[in-house]
Number of protein chains: 2
Amino acid sequence: MDVQEIRQKLEDSGLRCTTQRYAVMSFLMDHHEHPTAAEIYEAVNRVDPRSSRATTYNNLNDLVEAGLVRQVASEGRAARYDARGEQHHHFICDRCGNVEDLDWYELPQPALASLGRRVVRDTELIVRGLCTQCAPRRRSQAQNS
Amino acid sequence: MDVQEIRQKLEDSGLRCTTQRYAVMSFLMDHHEHPTAAEIYEAVNRVDPRSSRATTYNNLNDLVEAGLVRQVASEGRAARYDARGEQHHHFICDRCGNVEDLDWYELPQPALASLGRRVVRDTELIVRGLCTQCAPRRRSQAQNS
DNA sequence: CTCTCACCTTAGACATAATCTAATCTTCGA
DNA sequence: TCGAAGATTAGATTATGTCTAAGGTGAGAG
């Protein structure tokens, strides 16, 4: 991903392109495994230790607010982040907690009547179950010990 | 909700019907505002202070695993729980974090080919944006102070 | 060029959420 | 009634995220 392109994206969103903010954005664009904030913090500083924990969180929040990054729902545990490239859905494994991408397809939107005055920013499909690693080899027996 | 019915549900799932577990399940079936674990803990003990924090968490996890309760994705913040009555979708407010129900409607399932060996348990739609309270009265100006 | 102010970053304390530990208690079936 | 598996407990511990107060930085005004 081009340096200029990232800088442009940031500035178009009214965010200064600081070393630390650039590093977070760049990392997210290169890594599609839905890293947690802690993973991003660690990765960014492994290369060049110049970003504090608070800054990493601040920048992630800024990027989410600007719409450049989205938070992936992964209940209970640490929030995971995703530089929104092409659209996709998510699969969350009940057992190991991994979040995987699923191919995108159009979703019917909620009826306007049921939304009322709410303003929709984003719609995400979450499929839950057992991932390839955790799925049983044989039929049935899904929920045994 | 009938005592026998809850007891039955628990035992059908291989869980003993203990005082504490019953209290959690019963509370969730009576309250549909997606309480957090902390709220459940507090509510259960307000009636009859006989459940420790750890037990509340243990029981919630047991119930989720048994499929009697589901966790509602609300990233970053405390997990919220929902005794799965009728199906519905969820709306999460960006600003205040509230989780509201949206009317249920069928969702197209992911293509089998894209799932591979994964086992699907549940599919949920998450809509994000601003709730009725937080939505601006007038157009634009969404992010001002 | 340099001043300035809004924006950013920082370390560490703090707050909140959830799990772990090790001991004890309960319950169910034999 | 007994024993073992399953549950519960208080409190420590870990994980995650936010806040605070102080200082740094850079883009535009002059």
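Because the structure is a prediction, the values reported are computed rather than measured.
- Rounded to whole angstrom, the span from the CD atom of B:Glu39 across to the C1' atom of C:dT16 amounts to 13 Å.
- Using a 4.0 Å cut-off, no side-chain N or O of A:Asn61 falls inside it from OP1 or OP2 of D:dG17.
- Atom CD in B:Gln71 sits 4.0 Å away from atom OH in B:Tyr81 (nearest 0.5 Å).
- In this structure a side-chain-to-backbone donor-acceptor pair under 3.5 Å is missing from B:Glu42 to B:Glu39.
- Within the structure, a side-chain polar atom (N or O) of A:Tyr57 is placed less than 4.0 Å from OP1 or OP2 of D:dG17.
- A salt bridge links A:Arg7 to A:Glu11: at least one charged side-chain nitrogen sits closer than 4.0 Å to a carboxylate oxygen.
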Sugar-phosphate or base contact per nucleotide [nucleotides 6-11 of chain D; S, B, -; heavy atom under 4.0 Å]: SSSBBB
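- Pairs passing the salt bridge (charged side-chain N to carboxylate O under 4.0 Å, His left out) check and including a residue from residues 99-116 of chain B, sequence neighbours excluded, read A:Arg118-B:Glu100.
- Taking the six-membered ring for Trp, A:His90 and A:His88 have ring centres closer than 6.0 Å.
- For A:Glu65 and A:Asn61, the side-chain atoms include no donor-acceptor pair closer than 3.5 Å.
- With B:Ser114 contributing its side chain and B:Ala111 its backbone, the two residues share a donor-acceptor pair below 3.5 Å.
- What separates CG of A:Leu10 from C1' of D:dG26 is a distance of 16 Å, to the nearest Å.
- With rounding to whole Å, B:Ile40 atom CD1 is found 13 Å from C:dA17 atom P.
- A:Arg80 places no side-chain N or O within donor-acceptor distance of the main-chain N or O of A:Val72, the cut-off being under 3.5 Å.
- One can place OH of B:Tyr22 at 19 Å from C1' of C:dT27, the figure rounded to the nearest angstrom.
- End-to-end axis angle of the helix from C:dC1-D:dG30 to C:dA30-D:dT1, using five pairs per end and rounding to 10°, comes to 30°.
- In this entry the distance linking CZ of B:Arg80 with P of C:dT16 reads 15 Å, nearest Å.
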